[in-house]
Amino acid sequence: MRIAERVYLVGSGKFGMELSEPTDCNVYLLDGGEECALIDAGGGLEPERIEAHIEASGFRMERVRTLVLTHAHADHAAGAAYFQKTYGMKVIAAAEAAPWLEGGDMDKTSLRHAQRGGVYPPGFVFPPCPVARTVREGDEIAIGDLTLRVIDSPGHARGHICLLWEEGGQRSLFAGDTVFAGGKVVIQYIWDCRIDEYAATLAKLHALGADRLFPGHGPFLLARAHAHIERAHACFERLEVPPNL
Ligand SMILES: [Zn+2]
């Protein structure tokens, strides 16, 4: 589904638009012309539904060469192995998260914890996925004729990156699970969720002055994203914690 010029929503689960399998995060396709990229991979329970949306949007799977993961939580990354194996997509992730993805680490990805808490189906095993390239703050990722800038953004989880895309005077932020419409956040009782790091990340994202926000769950914003990010940042500035999604 086309949601903006060169941006398509091809997956979204129960905390979003119910477009694909319920555990899926929002999965975006970026059209770089000659080649395309996916931002996040969904939960891996029914990746064929994401595939169907890619094709229904008019893209052959072979054109999607790159998969960028914002972080290693299963709802974003457990689908990566399927796309890597089936289509040879080049998987890009934060340097810190790469070993957890490659090892299918049930603890570092908090999947075991999520299953204990009943927020992920029991018995599901994280499918290990080779990472072709690791990135960190300031790195650039070229997708055809467009460029994404990597922003290290811990707080919700370690090994989390956001991606900034600037074109035609528009700043678009692919925010993963850092900040959502309405200035909401996702703070969870998991090993690597840290409020101090979350606040620092929000200050950094606020300073970007983003126009558009494409978050990992819930609605996306096509203008005035900075006003929403400001709400979360302002909460942290008052030493409060922003509301959870
Ligand atoms: Zn997450």
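The first residue of the sequence shown is numbered 1, and numbering continues consecutively from there. The figures that follow rest on heavy atoms only: side chains count, while hydrogens, waters and symmetry mates do not.
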Are [Y] and [X] co-members of a hydrophobic cluster defined by side-chain heavy atoms under 4.5 Å apart?
X      : Y      : result
Met1   : Met61  : no
Leu221 : Ile3   : no
Leu245 : Ile190 : no
Ile151 : Ile229 : yes
Phe220 : Trp165 : yes

State, to 0.1 Å, how close [X] and [Y] come at their nearest heavy-atom pair, and which atoms those are.
X      : Y      : value
Val64  : Met89  : O-CG, 3.3 Å
Leu101 : Ala93  : CD1-CB, 3.5 Å
Ile187 : Cys193 : CA-SG, 3.8 Å
Pro242 : Gly183 : CB-O, 3.8 Å
Thr23  : Glu21  : OG1-OE1, 2.6 Å
Glu35  : Gly144 : CG-N, 3.3 Å

Asp152 and Lys204: salt bridge (Lys or Arg N to Asp or Glu O under 4.0 Å), yes or no, with the steps?
CA-CA 10 Å; Asp152 280 339; Lys204 189 152 86 166; 5.8 Å; no
Any chance you could measure [X], atom [atom1], to [Y], atom [atom2], to the nearest 0.5 Å?
X      : Y      : atom1 : atom2 : result
Arg171 : Glu166 : CZ    : CD    : 4.0 Å
Arg49  : Ile54  : CZ    : CD1   : 13.5 Å
Glu46  : Tyr82  : CD    : OH    : 10.5 Å
Glu167 : Glu5   : CD    : CD    : 7.0 Å
Asp192 : Lys108 : CG    : NZ    : 8.0 Å
Asp139 : Thr134 : CG    : OG1   : 8.0 Å

Taking side chain as C-beta onward, heavy atoms only, is [X] less than 4.5 Å from [Y]?
X      : Y      : result
Trp100 : Asp107 : no
Tyr87  : Arg60  : no
Phe124 : Leu111 : yes
Glu102 : Pro128 : no
Gln188 : His73  : yes
Arg65  : Lys90  : no
Leu67  : Ile92  : no
Leu45  : Pro121 : yes

Taking atom types as modelled, is there a side-chain donor on [X] or [Y] under 3.5 Å from an acceptor on the other?
X      : Y      : result
His160 : Ser153 : yes
Tyr28  : Asn26  : yes
Ser20  : Asp24  : yes

Check the surroundings of atom [atom1] in [X]: do more than 12 heavy atoms from other residues, nucleotides or ligands lie under 6.0 Å from it?
X      : atom1 : result
Glu62  : CD    : yes
Arg136 : CZ    : no
Glu240 : CD    : yes
Phe59  : CZ    : yes

Between the main-chain N or O of Phe83 and the side-chain N or O of Thr86, is there a donor-acceptor pair closer than 3.5 Å?
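Judged by distance alone, no pair lies under 3.5 Å.
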Using a side-chain heavy atom cutoff under 4.5 Å and only I, L, V, M, F, W and Y, what cluster partners does Val119 have?
none
As a quick check of understanding, evaluate side chain to side chain contact (heavy atoms under 4.5 Å, CB included) for Thr66 and Leu38, giving each step before the final call.
CA-CA 6 Å; Thr66 305; Leu38 291 182; over 6 Å; no
Please report the C-alpha distance between Leu9 and Val27 in whole Å, then the side-chain angles of each, then the deciding distance to 0.1 Å, and finally whether the side chain to side chain contact (heavy atoms under 4.5 Å, CB included) criterion is met.
CA-CA 6 Å; Leu9 186 71; Val27 179; over 6 Å; no
Using the rule given for side chain to side chain contact (heavy atoms under 4.5 Å, CB included), can you reason through Asp40 versus Phe174, listing the C-alpha separation, both sets of side-chain angles and the distance that settles it, and then say yes or no?
CA-CA 10 Å; Asp40 283 330; Phe174 293 88; over 6 Å; no
Intermediate values then yes/no, ring-ring contact (aromatic ring centres under 6.0 Å, His included), His53 and Tyr8
CA-CA 9 Å; His53 286 296; Tyr8 296 74; over 10 Å; no
According to the side chain to side chain donor-acceptor pair (under 3.5 Å) rule, which pairs have a member within residues 207-231, sequence neighbours left out?
Asp75-His217, His76-His217, Ser172-Arg212, Asp177-His217, His206-Glu230
Hey, are Arg112 and Asp105 close enough for a salt bridge, meaning a charged N less than 4.0 Å from a carboxylate O?
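Salt bridge: no.
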Ionic contact status for Arg158 with Glu197, cut-off 4.0 Å
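Here Glu197 pairs with Arg158 in a salt bridge, since their nearest N and O are under 4.0 Å apart.
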Between Tyr198 and His156, is the side chain to side chain contact (heavy atoms under 4.5 Å, CB included) condition met? List the steps.
CA-CA 6 Å; Tyr198 217 134; His156 169 77; 3.8 Å; yes
As a test of understanding, state which of Leu163, Leu148, Ile39, Asp31 forms a side chain to side chain contact (heavy atoms under 4.5 Å, CB included) with Ile143.
Leu148
